[in-house]
A.B. asks: 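If you scroll down you'll find the structure; I have some questions about it.
The chain is numbered in sequence order, starting from 1.
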Amino acid sequence: MFFPVFLFGGGRRTDQTAGRGEGLTSSMTIAWDDAFKRNNIMWKVPRNIRMNDNIVVREDEIAVFYRDGKALAYLDRPDRYALTSQNVAILGWLQKVFTGVVQQAEVYYLQKRIFDGKFGSKDPFIFEDPDFDLIELRTFGEFRYRLKSPEAFVNQFVGTFGAATSAEVEDRIREELVKQVYVSLGKMKEAGMKVTQLATNLNEIEQRILAETKPHFANLGLEIVQVSGLSIPLPDSVKAAVATASAGRILNRNPATGTQQYAFADAMKSAAANPSGGAGAGFGLGAGIGMGYSMAGQMGQMQAPQQVKVCPKCGSQQPMTQKFCGSCGADMTVAPATGKPCVKCGKPVAAGLKFCGECGSPQTVTCPSCKAENPGNLKFCGSCGKPLSG
């Protein structure tokens, strides 16, 4: 059978013109123009496909024929496809003429390139931490994805979810990705990760999410190729608790004592910020006095010099706890005299004096051989052993 060419039309169509036929047979050439692609992974041609229509497929796209809830054919090679053969599965116009039954024949265009998206949790994830108990966490980040299996994609998103636009597809991807993020966080929590360790392990979390989402999204006909910019902000209450604990450790190596001191100082600060309150003013005054005494005591302990006592025999200084002299071994428990006895008259001579105040005798004698100073009551030099008197 021969039809003149002008009956088929053949003008390129987009979203605005794809619903209007051309020529006597109302056939048209359908193409997804670049101006309308933008960041859309999918476009549904807004009218049923008829016999004699032409479908244009480019390098970066796939055309999927869909009818009665089923994907019938995939055109992934760049070309112009004319629907003029009865062997083609889409026979809508002919079937209507011969049988009176209208068959729904649709075409979905899919892009092959990589897309960028963002995700964020609507509902919080409950993280059970050994230190902070139950914490509500939210996650935010970016991801990149692409089409992996056109058949699985169409069956899942078009057939199962009933998606008809790219916006609906991406909403579903976000929901599924957030679920997988929560699954990964749950596994890492069971492995011992604490909530305070999340910030230092974001890169590891991203890689784990990427690895664990591949099987899940493969069932949807998609591939997540990158997860980046992950953010898991801590609640304000946890941040405040962490700041308090950190300050406590700085104040005192004992975390419990240090935290208590920090909390006490913080309470003083809050009371001082509200001078109009009588109770607050009284608390601030009393706490300030108590803190003053406490700090004075601590400073006194830090600055008090170590107490010493003098050996009653050799006169050297020794710690108060010493029972025997570390220099001469004398008994330090004996009450010290007021001074050393004079070498001649035996009267006490104050330490540091070289002559007796009672008899005027010298308390030291110089060795004539080695010139060493010796106590005045010695007969032989303590340095060289020679007689001190000629």
Side-chain angles (χ1 to χ4, degrees), residues 131 196 200 242-269 272 283-390:
D131 297 326
T196 53
T200 56
V242 171
T244 301
S246 299
R249 288 183 174 90
I250 294 173
L251 289 174
N252 194 311
R253 288 189 177 182
N254 184 340
T257 305
T259 303
Q260 185 179 10
Q261 291 178 357
Y262 183 86
F264 186 71
D266 191 58
M268 288 178 58
K269 180 180 177 182
F283 172 79
L285 178 61
I289 295 173
M291 182 63 78
Y293 280 118
S294 175
M295 292 182 66
Q298 293 178 5
M299 294 296 292
Q301 292 176 4
M302 292 172 59
Q303 297 179 0
Q306 186 179 15
Q307 296 182 357
V308 296
K309 58 184 178 180
V310 179
C311 174
K313 184 176 181 181
C314 67
S316 62
Q317 292 184 346
Q318 303 292 328
M320 288 294 294
T321 57
Q322 202 92 341
K323 292 184 178 181
F324 297 92
C325 178
S327 298
C328 66
D331 188 356
M332 297 287 290
T333 60
V334 178
T338 56
K340 292 183 180 181
C342 175
V343 298
K344 185 175 182 181
C345 68
K347 296 293 183 179
V349 179
L353 296 181
K354 295 184 178 181
F355 296 90
C356 176
E358 185 69 24
C359 66
S361 299
Q363 300 301 302
T364 60
V365 60
T366 303
C367 175
S369 298
C370 68
K371 308 302 179 182
E373 290 288 333
N374 290 272
N377 58 349
L378 296 182
K379 294 181 179 181
F380 295 93
C381 177
S383 296
C384 65
K386 293 185 178 180
L388 293 174
S389 59

A.B. asks: I'd like to know whether CD of Gln317 has more than 12 heavy-atom contacts from other residues, nucleotides or ligands below 6.0 angstrom.
C.D. replies: no

A.B. asks: Measuring only between side-chain heavy atoms, which start at C-beta, is Ser383 closer than 4.5 Å to Cys367?
C.D. replies: no

A.B. asks: Measure the shortest side-chain to side-chain distance between Ser369 and Cys381 over non-hydrogen atoms and say whether it is less than 4.5 angstrom.
C.D. replies: no

A.B. asks: Taking all non-hydrogen atoms of both residues, which atom of Glu373 and which atom of Thr364 are closest, and how far apart?
C.D. replies: OE1-OG1, 3.3 Å

A.B. asks: Between Gln363 and Cys342, is any pair of side-chain heavy atoms under 4.5 Å apart?
C.D. replies: yes

